[in-house]
There are 2 protein chains.
Amino acid sequence: MGEVTEPALADVPVTAVLQALADPTRLRMVRTIADGGERLCGMLEEQLPKATRSHHLKVLREAGVTHTRVVGTGRYVSLRREELDRHFPGLLPAVLTAAEPAAAEKRAAV
Amino acid sequence: MGEVTEPALADVPVTAVLQALADPTRLRMVRTIADGGERLCGMLEEQLPKATRSHHLKVLREAGVTHTRVVGTGRYVSLRREELDRHFPGLLPAVLTAAEPAAAEKRAAV
DNA sequence: CTCTTGGTTCGACTTTTTTGGAACAAGCCC
DNA sequence: GGGCTTGTTCCAAAAAAGTCGAACCAAGAG
């Protein structure tokens with residue numbers, strides 16, 4: 001029962017993946033998972049209420065970005081790297097590599 | 001006057017780029033522009049009303065994805081390939097390369 | 001069985017996006 | 001100047017996303 005359903009990447013449109021990664025919170029989660037290989041759900045973005053966290057993880061899962069392993073009452077989340085890279089070559093690496101714009105101040109009319 | 005403003009890619013967060021590309025219509029536009037180098041605004045997604053088209057092009061422009069050259073009353077849109085690849089290595093190519101899920105029918109329980 | 005823990009689901013609400021009509025602006029041609 | 005073509009802006013309505021309390025469920029501990 002505890003099995004979690006994930007889509008076959010062949011059925012996932014790129015836009016869905018992009019969409020999933022286009023949210024700061026989710027991207028942060030993905031990055032955290034990226035270096036660590038697997039993470040217990042509750043260890044991600046602990047600041048936010050669990051309903052919100054659960055929601056974001058669901059979006060990632062349904063976009064085929066993550067895999068969820070159920071262990072007891074816990075969920076271990078990991079990236080579907082190989083598969084992802086087979087279907088969308090270079091996409092995940094490119095996103096993970098991307099640098100953030102060093103917290104630009106309100107940049108008042110230079 | 002006629003000059004169109006575009007953001008410096010250093011100020012654009014990846015999520016903004018992903019967001020811009022995460023829309024089917026916009027991605028289609030980007031793909032069209034990709035093979036052709038430059039396109040007159042009105043030659044893109046002609047089915048939709050111009051207000052909508054204009055809106056999508058604005059989103060792409062503000063996400064730093066496209067460059068707009070004004071010629072008379074027309075706007076020629078092109079991709080900011082080099083810049084984009086300098087800031088987000090491999091991202092655009094990966095997105096342009098991505099295959100679409102061959103119009104899956106309602107895939108009734110195979 | 002009860003309590004706790006880790007997470008999901010429901011429902012409501014807020015914020016963003018998307019969409020597109022209508023009015024407007026600018027360039028071009030006569 | 002008019003009239004036509006391109007495209008933007010304004011505005012409002014509709015749809016989609018994000019947020020999160022509260023109720024709920026399943027597994028493990030005692």
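Naming convention: chains lettered A, B, ... in sequence-line order (proteins, then strands); numbering from 1 in each chain.
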Participant: Whole angstrom is fine here: how far is it from CE in A:M43 over to P in C:dG6?
Facilitator: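 Result: 8 Å.
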
Participant: Within this structure, what is the CG-to-C1' distance between A:L21 and D:dG18, rounded to whole angstrom?
Facilitator: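 So the two atoms are 16 Å apart, to the nearest Å.
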
Participant: Taking OP1 and OP2 of D:dT6, is either one under 4.0 Å from a side-chain nitrogen or oxygen of B:R53?
Facilitator: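 So the side chain of B:R53 is outside the cut-off, no N or O lying under 4.0 Å from OP1 or OP2 of D:dT6.
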
Participant: Nearest to the side chain of B:P49 - D:dT8, C:dG20, C:dG6?
Facilitator: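 Out of D:dT8, C:dG20, C:dG6, the nucleotide with an atom closest to B:P49's side chain is C:dG20.
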
Participant: Rounded to the Å, how far apart are A:L57 CG and D:dG18 P?
Facilitator: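 That distance rounds to 13 Å.
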
Participant: Just to be sure I understand the rule, does B:H56 reach a base, reach only the sugar-phosphate, or reach nothing, if contact means heavy atoms closer than 4.0 Å?
Facilitator: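 If one applies the 4.0 Å heavy-atom cut-off, B:H56 turns out to touch the sugar-phosphate alone, with no base involved.
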
Participant: Send over the distance from A:R61 CZ to C:dG7 P, rounded to a whole Å.
Facilitator: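 A:R61 atom CZ is separated from C:dG7 atom P by 12 Å.
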
Participant: What is the distance from CZ of A:R69 to C1' of D:dA27, rounded to the nearest Å?
Facilitator: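 The distance from CZ of A:R69 to C1' of D:dA27 comes to 16 Å, rounded to the nearest Å.
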
Participant: Distance check needed: D:dA22 C1' versus A:H55 NE2, whole Å only.
Facilitator: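 These atoms are roughly 18 Å apart.
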
Participant: Is the phosphate of C:dT8, meaning OP1 or OP2, less than 4.0 Å from a side-chain N or O of A:R75?
Facilitator: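 Yes, within the criterion.
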
Participant: Under the criterion side-chain contact (heavy atoms from CB on, under 4.5 Å), which of B:L27, B:L44, B:V77 is the partner of B:T32?
Facilitator: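 For B:T32, the side-chain contact (heavy atoms from CB on, under 4.5 Å) test succeeds with only one of B:L27, B:L44, B:V77, which is B:L44.
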
Participant: Looking only at side-chain atoms of B:D23, point me to the closest of C:dT18, C:dG6, D:dT5.
Facilitator: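 Output: C:dT18.
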
Participant: Quick check on side-chain contact (heavy atoms from CB on, under 4.5 Å): which of B:D35, B:L91, B:V30 does B:L96 satisfy it with?
Facilitator: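 Output: one option passes, namely B:V30.
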
Participant: Side chains of A:V12 and A:V17: does their closest heavy-atom pair fall under 4.5 Å?
Facilitator: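 Heavy-atom side-chain distance check passes, below 4.5 Å.
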
Participant: Given atom NZ of A:K58 and atom P of D:dG18, what is their separation to the nearest angstrom?
Facilitator: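 Rounding to the nearest Å, NZ of A:K58 and P of D:dG18 are 12 Å apart.
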
Participant: Using a cut-off of strictly less than 4.0 Å, decide whether B:T52 has a side-chain nitrogen or oxygen near OP1 or OP2 of C:dT19.
Facilitator: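 It does not, given that no N or O in the side chain of B:T52 lies less than 4.0 Å from OP1 or OP2 of C:dT19.
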
Participant: The side chain of B:L40 lies closest to which of these nucleotides: D:dT6, D:dG7, C:dG7?
Facilitator: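 So the nucleotide nearest the side chain must be D:dG7.
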
Participant: Check A:E6, A:R61, A:R80 against A:H67 for a side chain to side chain donor-acceptor pair (under 3.5 Å) and give me the one that passes.
Facilitator: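 Answer to the side chain to side chain donor-acceptor pair (under 3.5 Å) test with A:H67 among A:E6, A:R61, A:R80: A:E6.
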
Participant: May I ask you to evaluate whether A:Q19 reaches the phosphate of D:dA16, defined as a side-chain N or O under 4.0 Å from OP1 or OP2?
Facilitator: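 For D:dA16, neither OP1 nor OP2 has a side-chain N or O of A:Q19 closer than 4.0 Å.
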
Participant: According to a strict under-4.0 Å criterion, is B:S54 in side-chain N/O contact with OP1 or OP2 of D:dT8?
Facilitator: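 Yes.
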
Participant: Taking CD from B:E45 and P from D:dG7, how many angstroms apart are they, rounded to a whole number?
Facilitator: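 Rounded to the whole Å, the gap is 14 Å.
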
Participant: For A:L48 and B:G42, take the nucleotide of DNA chain D holding the closest heavy atom to each; which residue's nucleotide lies nearer the 5' end?
Facilitator: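 Counting from the 5' end, the first nearest nucleotide belongs to B:G42.
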
Participant: From the set C:dG6, D:dG21, D:dG7, return the single nucleotide nearest to any side-chain atom of B:K50.
Facilitator: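 Among the listed nucleotides, the one closest to the side chain of B:K50 is D:dG7.
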
Participant: What nucleotide among D:dT8, C:dT18, C:dG6 has an atom nearest to a side-chain atom of B:V59?
Facilitator: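 Selected nucleotide: C:dT18.
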
Participant: Side chains of A:R31 and A:R28, heavy atoms from C-beta outward: is any pair under 4.5 Å?
Facilitator: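 Of all side-chain heavy-atom pairs linking A:R28 with A:R31, none is under 4.5 Å.
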
